Amino acid sequence: MVRETSGKVTMEKLVSLCKRRGFIFQSSEIYGGISACWDYGPLGVELKNNVKAAWWKSMVQERDDVVGLDASILMHAKTWVASGHVTGFADAMVDCKGCQQRWRADEIRDNKCPACDGELTEPRMFNLMFKTFMGPVEEEAGLVYLRPETAQGIFVNFHNVLQATRKKLPFGIAQIGKAFRNEITPGNFIFRTREFEQMELEYFVKPETDEEWFRYWVEERFRWYIDLGIEKENLRLRQHTKDELAHYARDCYDVEYLFPMGWAELEGIANRTDFDLRQHSSFSGEDLSYFDEETRERIIPYVIEPSGGVDRTALAFLVDAYHEEEVEGETRVVLRFHPALAPIKVAVLPLSRNEKLVPPAQQLYHELRKCWMVNYDDAQSIGRRYRRQDEIGTPFCVTIDFQSLEDNQVTIRERDTLRQIRVPIESLKPTLDAKLSGEPLDVLPPGGSYWLGFEG
Ligand code: ATP
């Protein structure tokens with residue numbers, strides 16, 4: 001019998017699981033750590049790559065109207081003057097005169113330090129961009145910024161892409177890459193960090209069609225999270241109020257997720273109007289207009305921007321996947337990742353380390369890992385090995401036992417239901433392929449059968 005025993009996972013539990021199993025480590029831990037930076041371990045890098053691949057597949061690969069880009073992190077300093085970041089990308093900050101801690105002014109209630117109730121300084125504006133210098137001399141002329149968003153790399157390449165691809169409106173340019181913000185109050189694990197990755201699409205449309213495309217992208221982006229397994233009740237859309245809107249935005253919705261600390265933004269979808277292309281035209285002197293062949297006029301396209309964070313999204317998938325259950329009197333922790341996101345797709349487990357079982361199990365492992373990330377594990381009891389795979393979210397375990405040596409069949413055990421089927425080895429690969437693409441376990445290949453498996 002399987003019984004769910006816990007509600008939402010706490011952040012402490014998740015941080016500890018992530019460290020223990022190699023998803024996420026504190027950066028520079030041996031030196032005492034560096035605040036708000038995290039390193040992705042062997043399983044974390046797989047999860048993150050899978051998040052990015054799922055985004056790229058739905059935003060670029062499966063569409064005719066979107067192409068990709070990978071712009072450099074360091075850009076001409078004028079970019080950030082034109083975009084408004086040099087003057088406007090700042091948060092109001094206050095210091096506590098007692099304990100010296102810094103806070104974002106908009107997080108303060110009653111004008112008191114949230115940590116010690118001490119008196120606070122007057123708010124000062126603090127620009128969130130990291131500065132560095134290009135070339136050997138640290139002088140103003142060599143000043144460059146680490147990009148605080150990937151979007152501007154797309155805008156400054158608008159004409160290059162247009163000319164290279166001959167795309168017609170509406171069309172989009174997608175990019176995934178690092179961004180840096182010197183956040184005043186980072187925290188909540190990988191939710192708010194100073195170095196992170198963004199997944200951004202700039203979708204260029206004819207000005208009068210902006211509202212229609214805006215609605216389209218809000219729905220499309222919401223659906224993406226649901227399709228990848230996020231529980232509907234943990235996801236919501238929130239429209240920005242007029243005073244929350246960025247100065248360039250006409251409308252904006254946030255996709256929010258119910259994290260352990262409450263509802264928080266995963267992604268923003270904004271109607272940025274023609275602000276960016278106009279600004280870069282004016283600051284660079286390059287004409288960034290588009291020639292509309294139907295009306296024979298030059299226009300500045302409007303832009304709809306779905307902008308999400310890879311790390312925040314990975315955190316939401318981790319939180320949502322986490323379940324604690326009671327199975328036959330014992331607790332099992334299971335990450336119910338969508339197969340597309342699971343770091344390891346299949347584990348190959350010989351029933352024991354018996355010398356007859358290991359060679360065929362190894363052979364199977366070598367065969368399967370040509371297709372997917374596969375684990376091989378022969379240490380300890382089969383039950384404990386199943387639990388280890390559950391805890392990292394591996395959707396399927398394949399077990400070779402003594403009967404396999406006689407009938408050339410192996411068992412496939414499903415993570416979520418604990419049910420097993422037995423299939424001929426020659427149909428293992430296509431069967432796993434189908435199951436990983438969502439085929440129910442009940443659908444059996446020729447020669448397959450249901451199996452009363454052992455959980456150990
Ligand atoms: P917030 O209000 O949480 O600071 P934002 O509205 O400033 O976020 P955007 O500028 O819209 O964020 O950036 C788009 C996306 O990039 C966010 O939805 C988020 O997923 C991600 N992101 C932004 N800042 C950070 C950060 N410091 N750490 C991790 N991800 C971030």
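Just so you know, these numbers use all the heavy atoms, side chains as well, and skip hydrogens, waters and symmetry mates. From a predicted model like this one, the values you see are computed outputs, not experimental measurements. As the structure lists them, so they are numbered: ligands from 1, and atoms in each ligand from 1.
Here the two rings, on Trp213 and Tyr203, have centers that are under 6.0 Å apart. Ring-centre distance between His85 and Tyr145: not below the 6.0 Å cut-off. Remark: aromatic rings of Tyr290 and Phe204 are distant, center separation not under 6.0 Å. Residues Trp38 and Phe189 place their aromatic rings such that the two centres sit under 6.0 Å apart. You'll find the ring centres of Phe191 and Phe259 inside the 6.0 Å limit.
Atom 22 (N) of ligand 1 has its closest protein heavy atom at Phe196 CE1, 3.5 Å. The protein atom (non-hydrogen) at minimum distance from atom 19 (C) of ligand 1 is Arg312 NH1, 3.4 Å. Counting only heavy atoms of the protein, atom 21 (C) of ligand 1 lies nearest to Gly309 CA, 3.8 Å. Looking from atom 8 (O) of ligand 1 to the surrounding protein, the closest heavy atom is Glu265 OE1, 3.8 Å. Considering only non-hydrogen protein atoms, atom 13 (O) of ligand 1 sits nearest to Gln198 NE2, 3.3 Å. At the shortest separation from atom 4 (O) of ligand 1 among protein heavy atoms lies Arg192 NH1, 2.6 Å. Nearest non-hydrogen protein atom to atom 14 (C) of ligand 1 is Ser307 OG, 3.0 Å.
Of the candidates Thr193, Leu128, Asn182, Thr193 brings a heavy atom nearest to atom 28 (N) of ligand 1. Which of Glu149, Glu195, Arg104, Arg181 comes nearest to atom 5 (P) of ligand 1 through a heavy atom is settled by distance: it is Arg181.
Under 4.0 Å from ligand 1, the heavy atoms of Leu266 that appear belong solely to its backbone.
Screening Arg332, Arg21, Arg385 against Glu391 for a salt bridge (charged side-chain N to carboxylate O under 4.0 Å, His left out) leaves a single residue, Arg21.
Using a 4.5 Å heavy-atom threshold, the side chains of Val327 and Arg387 count as touching.
A donor atom on one side chain and an acceptor atom on the other are found under 3.5 Å apart for Glu200 and Thr150. Counting only N and O atoms by type, the side chains of His240 and Asp251 include no donor and acceptor under 3.5 Å apart.
Shown in contact with Gly308 at under 4.0 Å from a heavy atom are these atoms of ligand 1, numbered in order with element: 15 (C), 20 (O). Ligand 1 places these atoms under 4.0 Å from at least one heavy atom of Glu183: 24 (N), 26 (C), 27 (N). Atoms of ligand 1 lying under 4.0 Å from any heavy atom of Phe191, numbered from 1 in the order shown and given with element: 28 (N), 29 (C), 30 (N).
Ligand 1 lies nowhere less than 4.0 angstrom from a heavy atom belonging to Asp311.
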